[in-house]
Amino acid sequence: MTTVHTPQKHNKPSRLHVLGITNCVMLVMLFAAITLTIASFSAKAQEAPLTTQIETLKKALIELNRDLFILEEDLLFPSSTQVAVYLSVDVGTYFSLDAVELKIDNDTVTNYLYTEKQINALHRGGVQRLYMGNVSQGTHELTAFFIGYGPENREYKRAVTLQFEKEDDAQAVELKITDSSAKHQPEFTAVVL
């Protein structure tokens with residue numbers, strides 16, 4: 001008796017389905033733009049002097065780099081799952097920030113240790129993108145631990161927790177450190193933007 005083996009089909013999604021048709025179309029369009037840019041550059045190469053050609057090529061590369069960055073962000077962090085967390089500091093008389101630990105749904109997603117230059121930038125009004133990642137739609141809990149030095153230069157560790165609802169659109173959360181003059185203490189808040 002002869003046994004015939006039939007190959008088993010794996011239910012593995014194709015690359016086209018994994019990336020999504022829209023993203024594949026964007027990749028094809030980007031490749032076409034790169035090809036056209038190179039073709040137009042080589043056509044102009046015989047007309048213009050070398051320095052002009054180099055400057056034109058630099059500009060084209062900068063534009064392509066920007067387009068690739070935008071495409072990469074769209075592929076890695078689609079708006080349906082994207083969550084971004086920002087940090088801002090107001091004044092800083094009662095608290096000197098040293099580090100931040102960020103957890104989403106009890107999973108540590110980032111630990112950040114600050115340099116003096118970064119602290120100065122935050123005190124001058126800078127806002128730091130502390131985290132960007134993906135979460136599923138639904139209810140999530142974000143917890144941020146602020147570590148530093150409080151009044152009288154004592155070690156200080158405080159936490160703030162925020163429940164947020166992730167929907168179809170990209171979600172942004174701001175962590176704020178402010179001074180409370182009435183309490184002579186720092187205040188830590190988290191708000192959905």
Side-chain angles (χ1 to χ4, degrees), residues 10 12-90 92 97-104 107-137 140 142 144 164 166-177 190-193:
H10 297 288
K12 195 175 185 183
S14 69
R15 281 185 161 258
L16 186 63
H17 288 97
V18 170
L19 285 177
I21 294 173
T22 305
N23 294 334
C24 288
V25 169
M26 285 194 293
L27 285 172
V28 169
M29 289 174 47
L30 185 60
F31 180 73
I34 291 170
T35 306
L36 289 174
T37 302
I38 293 171
S40 68
F41 178 74
S42 63
K44 293 178 183 176
Q46 291 144 5
E47 302 170 5
L50 185 58
T51 56
T52 307
Q53 293 174 25
I54 291 172
E55 287 302 315
T56 305
L57 184 59
K58 282 181 184 178
K59 287 179 184 177
L61 286 174
I62 289 170
E63 288 177 17
L64 288 174
N65 188 32
R66 184 200 65 211
D67 292 343
L68 283 172
F69 178 76
I70 291 169
L71 180 62
E72 179 184 28
E73 290 243 329
D74 288 344
L75 288 172
L76 292 176
F77 308 110
S79 63
S80 62
T81 62
Q82 179 185 32
V83 64
V85 180
Y86 299 93
L87 174 71
S88 66
V89 175
D90 184 25
L97 182 65
D98 191 37
V100 173
E101 179 183 350
L102 185 65
K103 291 185 175 191
I104 296 179
D107 292 327
T108 301
V109 293
T110 190
N111 284 307
Y112 201 87
L113 185 62
Y114 291 91
T115 65
E116 193 173 323
K117 280 185 174 182
Q118 293 167 328
I119 296 297
N120 290 337
L122 287 170
H123 284 275
R124 288 192 311 266
V127 176
Q128 177 199 10
R129 183 171 73 183
L130 189 61
Y131 172 74
M132 180 178 252
N134 297 314
V135 296
S136 61
Q137 294 181 11
H140 297 278
L142 178 141
F164 67 95
K166 177 68 180 90
E167 296 177 354
D168 287 345
D169 297 331
Q171 188 80 52
V173 175
E174 182 182 14
L175 302 174
K176 258 186 177 175
I177 304 171
V191 291
V192 175
L193 300 176

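Values below: every heavy atom of this structure, side chains too, minus hydrogens, waters and symmetry copies.
Atoms CG and OH, on Leu97 and Tyr112 in that order, are 10.5 Å from each other to the nearest 0.5 Å. Between the CG atom in Leu87 and the CD atom in Glu174 there is a gap of 8.5 Å [rounded to 0.5 Å]. Atom CD1 of Ile104 is separated from atom CG of Asn134 by 10.0 Å, given to the nearest 0.5 angstrom. Note that NZ of Lys103 and CG of Asn111 are 9.0 Å apart. Values are rounded to the nearest 0.5 Å. Distance CG/Asp98 to CG/Leu113: 5.5 Å, rounded to 0.5 Å. Here the OG1 atom belonging to Thr52 is positioned 12.5 Å from the CG atom belonging to Leu57, to the nearest 0.5 angstrom.
Looking only at side-chain heavy atoms (C-beta outward), Leu175 and Leu142 come within less than 4.5 Å of each other. Side-chain atoms of Leu122 and Tyr114, non-hydrogen and from C-beta on, do get closer than 4.5 Å to each other. The side-chain heavy atoms of Val85 and Thr110, taken from C-beta on, include no pair separated by under 4.5 Å. Counting only heavy atoms from C-beta outward, the side chains of Lys176 and Val191 never approach each other to under 4.5 Å.
For Tyr86, there are no ring pair (Phe, Tyr, Trp, His ring centres under 6.0 Å) partners, not counting sequence neighbours. Partners of Thr51 by side chain to side chain donor-acceptor pair (under 3.5 Å), not counting sequence neighbours: none found. Here Arg66 pairs with Ile70 under the side-chain contact (heavy atoms from CB on, under 4.5 Å) rule; sequence neighbours left out.
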